[in-house]
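Keep in mind that this is a model prediction, so the values were computed, not measured. All residue numbers in this chain count up from 1 along the given sequence.
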Amino acid sequence: MSMRELLADGPITGTFLKIPRFEVVDLLALAGFDFVVCDYEHAQMSLLEACDIVRAGVGRGMPVLVRVPALERGDINRLLEAGAAGIQLARGSGRAAVELRRLVSYPPQGSRSVSLSQPAADYGIGTSLAMHLGRSNAEVLAVGQFETADYLDDIDDAMAALDVAFIGPVDLSVDVGTPGELDSAPMREASAAIEAAADRAGVPLGIFAGSAPAAERARAGGYRYVVVGSDLSMLSAGAASMRS
């Protein structure tokens, strides 16, 4: 099932993957997560390792999106050709969201380079160019992170370009001047404005949740794409519980 279909049935729950090992993909899939976000922004991994994580997800039937730190055309194309279900852009609000849409989409919707000699196109075996272009443009997600104080800039244009508007609460709290205070007045104001813009555009909302209870509150609040914790936070918590 594609990420778009999962979102339509949502809400869905994923986690950040920071340890570039196929075993981690296996365990998260077996645990019942709907998707994972491979963290190419903050984790200690190479582009090749990120592509390997994507391929492991394809093998497990687990959609893998990749969070990237910047709009690097070559990196984004390679990750999508490996079979990434979408690209999640850090600081991906405003005009960056519009450019993200262009880079993840083939013409006429975007400017992505075309090739059939890659995994996501089945290397052109039994897949025509028209089939691959249509499938990719229909299924690949553009997820933009709203996590800076200029979140209102070009917000309606950004929403028109995105498949998911993702609030990054920790970075956003820092940028609006209340570091770590996720329920501060500036944070409530920012969240309300982003939620309202997403509602106007009919765009699903996403958010990071630091715990299972926070994820449940997010789902109850209408968020459809919830990323809870990470493999590292799970490992840390599990190790501490076993030691005690």
- Using a 4.5 Å cut-off on heavy atoms from C-beta on, say whether the side chain of Val143 contacts that of Ile87. no
- Message: Go through it in stages, so that I can follow the logic: the residues are Arg60 and Asp26, the test is side chain to side chain contact (heavy atoms under 4.5 Å, CB included), and I'd like the CA-CA distance, side-chain angles, deciding distance and then a yes or no.
- Response: CA-CA 7 Å; Arg60 266 289 174 187; Asp26 286 346; 2.9 Å; yes
- Task: For the pair Arg112 and Ser136, evaluate side-chain hydrogen bond (donor to acceptor under 3.5 Å, both in side chains) and give the outcome as yes or no after the intermediate values.
- Result: CA-CA 11 Å; Arg112 185 178 161 195; Ser136 181; 2.9 Å; yes
- With no hydrogens and no angle check, is any side-chain donor or acceptor of Arg188 less than 3.5 Å from a backbone partner on Asp183? yes
- Can you see which heavy atom on Ala50 is nearest to which on Tyr40, and at what distance? CB-CD1, 4.3 Å
- Note on the structure: Value for CG (Leu89) from CG (Leu65), rounded to nearest 0.5 Å, stands at 12.5 Å
- Count the heavy atoms of every other residue, nucleotide or ligand shown that sit under 6.0 Å from CD of Gln44, and state whether that count exceeds 12. no
- Thr13 vs Arg219, side-chain hydrogen bond (donor to acceptor under 3.5 Å, both in side chains): CA-CA, chis, key distance, verdict: CA-CA 9 Å; Thr13 303; Arg219 289 188 291 265; 2.8 Å; yes
- Message: Determine whether Asp39 and Lys18 satisfy the following criterion, salt bridge (charged side-chain N to carboxylate O under 4.0 Å, His left out), listing intermediate values before the conclusion.
- Response: CA-CA 6 Å; Asp39 194 358; Lys18 298 173 181 288; 2.5 Å; yes
- Query: Looking just at side-chain N and O atoms, do Arg135 and Thr127 make a donor-acceptor pair shorter than 3.5 Å?
  - Reply: no
- What's the spacing between Ile53 CD1 and Leu79 CG if we round to 0.5 Å? 11.5 Å
- Query: So if you build clusters from Ile, Leu, Val, Met, Phe, Trp, Tyr with side-chain heavy-atom gaps below 4.5 Å, do Val25 and Met45 land together?
  - Reply: yes
- Flag yes if Val227 and Met234 sit in one hydrophobic cluster, no otherwise; membership is Ile, Leu, Val, Met, Phe, Trp, Tyr, and two members link when side-chain heavy atoms are under 4.5 Å apart. no
- Query: From Ser93 OG over to Asp157 CG, what is the distance, rounded to the nearest 0.5 angstrom?
  - Reply: 12.0 Å
- Measure the CG-OH distance between Asn137 and Tyr106 for me, rounded to the nearest 0.5 Å. 8.0 Å
- Item | Cluster check Leu235, Val228: I/L/V/M/F/W/Y, side chain < 4.5 angstrom | yes
- Kindly write out the residues that satisfy ring pair (Phe, Tyr, Trp, His ring centres under 6.0 Å) with Phe35, not counting sequence neighbours, or none if the list is empty. Tyr225
- Message: I'd like to know whether Leu28 forms a side chain to side chain contact (heavy atoms under 4.5 Å, CB included) with Thr15, so could you lay out the CA-CA distance, the side-chain angles of the two residues, the decisive distance to 0.1 Å, and finally the verdict.
- Response: CA-CA 8 Å; Leu28 294 173; Thr15 189; 3.8 Å; yes
- Message: Quick check: do Leu129 and Leu116 have side-chain heavy atoms less than 4.5 Å from each other?
- Response: yes
- Query: Tell me, do Asp153 and Thr148 make a side-chain contact under 4.5 Å, heavy atoms counted?
  - Reply: no
- Crowded around Gln109 CD? As in, over 12 foreign heavy atoms under 6.0 Å? yes
- Message: Can you tell me how far apart CG (Leu100) and CG (Leu71) are? Round to the nearest 0.5 Å.
- Response: 6.0 Å
- Checking Ser105 side chain against Arg102 main chain: does a donor-acceptor pair fall under 3.5 Å? no
- Considering all heavy atoms of both residues, which atom of Gln88 and which atom of Val37 are nearest to each other, and what is their separation? OE1-CG2, 3.9 Å
Atom pairs and distances, side-chain donor-acceptor, residues 161-179, under 3.5 Å, sequence neighbours left out:
| residue | atom | partner | partner atom | Å |
| --- | --- | --- | --- | --- |
| Asp163 | OD1 | Arg4 | NH1 | 2.8 |
| Asp163 | OD1 | Arg4 | NH2 | 3.2 |
| Asp163 | OD1 | Arg101 | NH2 | 3.3 |
| Asp163 | OD2 | Arg4 | NH2 | 3.4 |
| Asp163 | OD2 | Arg101 | NH2 | 2.5 |
| Asp163 | OD2 | Ala142 | N | 2.8 |
| Ser173 | OG | Pro169 | O | 3.4 |
| Ser173 | OG | Val170 | O | 2.7 |
| Ser173 | OG | Gly180 | N | 2.9 |
| Asp175 | OD2 | Ala149 | N | 2.6 |
| Thr178 | OG1 | Ser184 | OG | 2.9 |

- For Ser111 and Leu103, work out which heavy atoms get closest and say how close. OG-CD2, 4.1 Å
- Message: According to a hydrophobic-cluster definition based on side-chain heavy atoms being under 4.5 Å apart (Ile, Leu, Val, Met, Phe, Trp, Tyr only), do Met3 and Leu80 belong together?
- Response: no
- Heavy-atom nearest pair, Ala193 first then Leu152, reads CB-CD2, 3.9 Å
- Task: Kindly indicate, with the supporting measurements, whether the criterion side chain to side chain contact (heavy atoms under 4.5 Å, CB included) is fulfilled by Ile155 and Met159.
- Result: CA-CA 6 Å; Ile155 192 168; Met159 292 298 176; 4.3 Å; yes
- Begin with the C-alpha distance, continue with both residues' side-chain angles, and end with the deciding distance and a verdict on side chain to side chain contact (heavy atoms under 4.5 Å, CB included) for Glu81 and Ser115. CA-CA 9 Å; Glu81 288 184 348; Ser115 169; 4.1 Å; yes
- Note on the structure: In this structure, CD of Glu147 is separated from CZ of Arg91 (nearest 0.5 Å) by 6.0 Å
- Message: Between Glu41 and Arg67 (side chain of the first, backbone of the second, donor and acceptor by atom type, cut-off under 3.5 Å), is there such a pair?
- Response: no
- Item | Donor-acceptor contact present, side-chain Gln118 to main-chain Ala120, <3.5 Å | yes
- Taking all non-hydrogen atoms of both residues into account, name the closest pair between Ile76 and Ala70 and its distance. CD1-O, 4.5 Å
- Test Arg73 against Ser113 for side-chain hydrogen bond (donor to acceptor under 3.5 Å, both in side chains), laying out the working first. CA-CA 9 Å; Arg73 178 183 291 274; Ser113 177; over 6 Å; no
- Query: Are Phe16 and His42 close enough that their ring centres sit under 6.0 Å apart?
  - Reply: no
- Provide the closest heavy-atom pair for Val140 versus Gly86 in the form atom of the first, atom of the second, distance. CG1-CA, 4.1 Å
- Query: So does Arg78 have more than 12 non-hydrogen atoms from other groups sitting under 6.0 Å from CZ?
  - Reply: no
- Message: Do Leu47 and Val104 sit in one hydrophobic cluster, given that two such residues count as connected whenever their side-chain heavy atoms are within less than 4.5 Å of each other, even indirectly?
- Response: yes
